[in-house]
Amino acid sequence: MKLDKRSNVPLYAQLKELLADRMDQGVWQKGQQIPSELALCEELDLSRPTVRQAIAELVSEGRLVIQKGRGTYVSAEPDRIELRGYTAFYFSILSARSISDLPIESIEQIVATPEIERVFQSPAGDPKAQFWKISYLLDMDHSPYADVTVTIPVLMFPDLGPDIKAGKRMVDITANKYAFLPQKAQGSLLVRPSSVDEAKRLELSRGTPVLVHTAKLISRSGGVCEWVNAVLRPDMVDLGLESGRS
């Protein structure tokens with residue numbers, strides 16, 4: 001197939017079809033690196049933006065994958081991580097038996113945003129409504145697959161940040177906090193395009209579809225004790241659901 005610069009079909013769309021044909025015909029095998037953008041520009045006498053757009057669309061469709069610092073590859077079925085026993089509690093910190101191996105990146109104390117006020121039903125603009133914001137990134141073989149943010153009221157756990165930083169065990173952190181520990185959860189799972197920041201964190205192209213796990217955990221005393229937001233790469237995870245009757 002050759003590109004027709006006099007055609008009404010945009011050049012990037014023609015190039016996209018050409019690249020797809022090469023993959024379908026086995027010119028490039030699964031997992032194989034394709035020529036660089038510059039090489040394609042020189043081979044087909046195209047501009048860099050034209051080549052970049054064609055590749056971006058194939059990435060968004062899952063046919064190509066960009067490995068940061070290495071190049072662009074034909075997608076291959078990756079090793080997937082099974083999240084066993086997946087429920088709305090899955091990424092919760094307060095529900096975890098241990099966080100010693102959790103790759104926590106940051107812990108900061110923040111004032112409630114309008115969204116946090118809505119979730120925790122805090123009075124609007126209350127300066128006393130302080131929360132712990134905890135972020136961690138899960139990866140497999142240096143490939144990130146889950147970007148997690150957890151929000152917990154300072155009022156319920158005033159020493160949570162310092163305790164985690166000090167490496168305390170969860171059993172000690174939650175001692176005498178029985179009434180504030182999660183008892184039930186309200187969660188949802190949806191698919192949407194990734195934002196710029198999410199794509200960067202998960203090493204994806206902007207707009208690549210991601211799974212978004214959101215959960216509001218309710219304490220034994222009836223108040224919201226934790227809000228969990230996790231953005232997942234759907235090409236790297238399987239959600240293991242278990243059920244049974246006694």
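Numbers here simply count residues along the sequence, with the first being 1. Predicted model only: the values in this text are computed from it and were never measured.
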Peer 1: Return the minimal non-hydrogen interatomic distance between Ser7 and Gln14, and the atom names on each side.
Peer 2: CB-NE2, 3.6 Å

Peer 1: Is the centre of the His213 ring less than 6.0 Å from the centre of the Tyr90 ring?
Peer 2: no

Peer 1: Can you name the closest pair of heavy atoms from Pro182 and Phe89 and give their distance?
Peer 2: CB-CE2, 3.9 Å

Peer 1: Verify, without hydrogens or angle tests, whether Gln109 (side chain) and Gly161 (backbone) share a donor-acceptor contact under 3.5 angstrom.
Peer 2: no

Peer 1: Taking the side chain as every heavy atom from C-beta outward, state whether Met170 and Ser98 have any atom pair closer than 4.5 Å.
Peer 2: no

Peer 1: Looking at Arg63, is its backbone amide N or carbonyl O close enough to the side chain of Ser75 to form a donor-acceptor pair, meaning the two atoms are under 3.5 Å apart?
Peer 2: yes

Peer 1: Whether the side chain of Glu198 engages the backbone of Ser195 through a donor-acceptor N/O pair (distance < 3.5 Å, no angle test) should be reported.
Peer 2: yes

Peer 1: Does the side chain of Tyr86 come within less than 4.5 Å of Leu189's, by heavy atoms?
Peer 2: yes

Peer 1: How long is the gap from OG on Ser92 to CG on Leu217, to the nearest 0.5 Å?
Peer 2: 5.0 Å

Peer 1: Using 0.5 Å steps for rounding, measure from the CD atom of Glu226 to the CG atom of Leu181.
Peer 2: 10.0 Å

Peer 1: For Met236 and Ser143, work out which heavy atoms get closest and say how close.
Peer 2: CE-O, 3.6 Å

Peer 1: Rounded at 0.5 Å granularity, tell me how far CG in Leu46 sits from CD in Gln53.
Peer 2: 12.0 Å

Peer 1: If you round to the nearest 0.5 Å, how far is CG of Asp159 from NZ of Lys168?
Peer 2: 7.0 Å

Peer 1: Checking side-chain polar atoms at under 3.5 Å, does Glu105 have a donor or acceptor matched by the opposite partner on Ser135?
Peer 2: no

Peer 1: Does Glu203 come within less than 4.0 Å of Lys68, counting only side-chain N to carboxylate O?
Peer 2: no

Peer 1: Hey, could you give me the CZ/OG distance between Phe180 and Ser219, rounded to the nearest 0.5 Å?
Peer 2: 7.0 Å

Peer 1: Run the side chain to side chain contact (heavy atoms under 4.5 Å, CB included) test on Ile152 and Lys133 for me, step by step, so that the C-alpha distance in whole Å, both residues' side-chain angles and the decisive distance to 0.1 Å come before the verdict.
Peer 2: CA-CA 7 Å; Ile152 298 172; Lys133 180 181 177 182; over 6 Å; no

Peer 1: Assess whether a salt bridge exists between Glu115 and Arg118, defined as any Lys/Arg side-chain N lying under 4.0 Å from an Asp/Glu carboxylate O.
Peer 2: yes

Peer 1: Hey, are the side chains of Val191 and Val210 touching, using non-hydrogen atoms and a 4.5 Å cut-off?
Peer 2: no

Peer 1: Quick one: does Trp132's side chain have a donor or acceptor within less than 3.5 Å of a partner on Phe157's backbone?
Peer 2: yes

Peer 1: Less than 4.5 Å apart, side chain to side chain, heavy atoms only: is that true for Leu58 and Lys16?
Peer 2: yes

Peer 1: Could you tell me the separation between the OG atom of Ser188 and the NZ atom of Lys216, rounded to the nearest 0.5 Å?
Peer 2: 10.5 Å

Peer 1: Look at Asp197 together with Lys200 and state whether they make a salt bridge at an N to O cut-off of under 4.0 Å.
Peer 2: no

Peer 1: Taking the side chain as every heavy atom from C-beta outward, state whether Thr149 and Phe91 have any atom pair closer than 4.5 Å.
Peer 2: no

Peer 1: Sub-3.5 Å donor-acceptor pair from the side chain of Thr174 to the main-chain atoms of Lys177, do we have one?
Peer 2: no

Peer 1: Where do Leu15 and Leu3 come nearest, in terms of heavy atoms and distance?
Peer 2: N-CD2, 3.9 Å

Peer 1: Does the side chain to side chain contact (heavy atoms under 4.5 Å, CB included) test come out yes or no for Ser122 and Phe131, once each step is laid out?
Peer 2: CA-CA 11 Å; Ser122 302; Phe131 294 83; 3.7 Å; yes

